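Counting starts at 1 for both ligands and their atoms, following the listed order. These figures come from a predicted structure and were not determined experimentally.
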Amino acid sequence: MATIYVVGVTGEGQARIPSVPECLFCRIVSGGVPASLVLESSRTLSFRDISPQAPTHVLVIPKDHYPDLAALAAADGGLLTELVNQAAEVARAEGISGSGYRVVFNTGADAGQAVPHVHAHVLGGRGLGWPPG
Ligand code: 5GP
Ligand code: ZN
């Protein structure tokens with residue numbers, strides 16, 4: 001049976017999906033799946049990655065469901081700016097602003113995006129290789 005989601009409309013007039021029941025990160029937002037929270041704002045949540053790839057590895061997500069970076073940018077540029085500001089705030093809170101850090105938005109299969117709810121990886125606390133694998 002098809003699942004129909006009722007969508008809201010942002011200021012820019014683009015459709016958004018407030019919550020998707022089977023989405024892992026929507027379930028973290030609703031409290032159905034536990035997570036180690038780092039920061040929270042009215043529209044974003046920051047929590048530790050369950051499989052950290054660096055001493056600091058925090059995921060920053062919008063509480064509303066957008067599948068990827070392009071969808072978020074198209075729908076609500078203000079929320080994207082808020083997300084990036086939260087990533088910087090996480091870096092400050094983790095004490096890696098001075099040493100440096102990386103913010104990654106994996107998008108799609110070739111980039112290895114496993115969770116289709118846009119998220120910024122904030123990675124730091126060690127030297128990070130470039131180019132990435
Ligand atoms: P992606 O590969 O989509 O860019 O990143 C998804 C990230 O979510 C991965 O780094 C993965 O370790 C993390 N992750 C997967 N399941 C969970 C979970 O249940 N809790 C937390 N905190 N992170 C998760
Ligand atoms: Zn979601």
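- Between the side chain of R126 and the main chain of Q53, a donor-acceptor pair closer than 3.5 Å is present.
- Side-chain atoms of E82 do not come within 3.5 Å of backbone N or O of P62 as any donor-acceptor pair.
- The closest non-hydrogen atom to atom 5 (O) of ligand 1, taken over H119, R27, R48, comes from H119.
- At a heavy-atom distance under 4.0 Å, only side-chain atoms of L24, from C-beta outward, approach ligand 1.
- At a threshold of 4.5 Å between non-hydrogen side-chain atoms, the residues F105 and D68 do not count as touching.
- Between the side chain of S46 and the backbone N or O of T44, no donor-acceptor pair lies under 3.5 Å.
- Remark: ligand 1 atoms within the under-4.0 Å shell around heavy atoms of F47 are 22 (N).
- L79 has its side chain within reach of Y66: a pair of non-hydrogen atoms, C-beta onward, lies under 4.5 Å apart.
- With the Zn ion (ligand 2) as vertex, H117 ND1 and C23 SG subtend 110°, rounded to 10°.
- When side chains are defined from C-beta on, V38 does not count as touching V60, because their heavy atoms never get closer than 4.5 Å.
- Here F105 has no heavy atoms under 4.0 Å from ligand 1, in either its backbone or its side chain.
- For atom 9 (C) of ligand 1, the closest heavy atom belonging to the protein is D49 OD2, 3.3 Å.
- The distance criterion of under 3.5 Å between nitrogen or oxygen atoms is met by I50 with respect to ligand 1.
- Remark: at the Zn ion (ligand 2), atom ND1 from H65 and atom SG from C26 enclose 110°, rounded to the nearest 10 degrees.
- Ring geometry, H121 versus H57: the interplanar angle falls from 30° to 60°, so the pair is classed tilted.
- Listed by number with element, the atoms of ligand 1 under 4.0 Å from a non-hydrogen atom of S51 are 12 (O).
- Considering backbone and side-chain atoms alike, G112 places an N or O below 3.5 Å from some N or O of ligand 1.
- For the pair S19 and K63, the minimum side-chain heavy-atom distance is 4.5 Å or more.
- The atoms of ligand 1 that sit less than 4.0 Å from any heavy atom of L59 are 8 (O).
- In terms of N/O distances under 3.5 Å, ligand 1 is not approached by V33.
- H121 counts as a contact of ligand 1, since one of its heavy atoms falls under 4.0 Å from the ligand.
- Of the possible donor and acceptor atoms, one in the side chain of H65 sits under 3.5 Å from a partner among the backbone N and O of P116.
- Of all non-hydrogen atoms in I96 and G125, the two that sit nearest each other are CG2-N, 3.8 Å.
- An N or O contact shorter than 3.5 Å is missing between F25 and ligand 1 by distance.
- Any N or O atom pair closer than 3.5 Å counts here, and N106 shares at least one such pair with ligand 1.
- Ligand 1 places these atoms under 4.0 Å from at least one heavy atom of V115: 3 (O), 6 (C).
- At a threshold of 4.5 Å between non-hydrogen side-chain atoms, the residues H117 and R27 do not count as touching.
- Residue contacts with ligand 1, taken as heavy atom pairs separated by less than 4.0 Å, do not involve A35 at all.
- Nearest to atom 3 (O) of ligand 1 among the protein's heavy atoms is A114 N, 2.7 Å.
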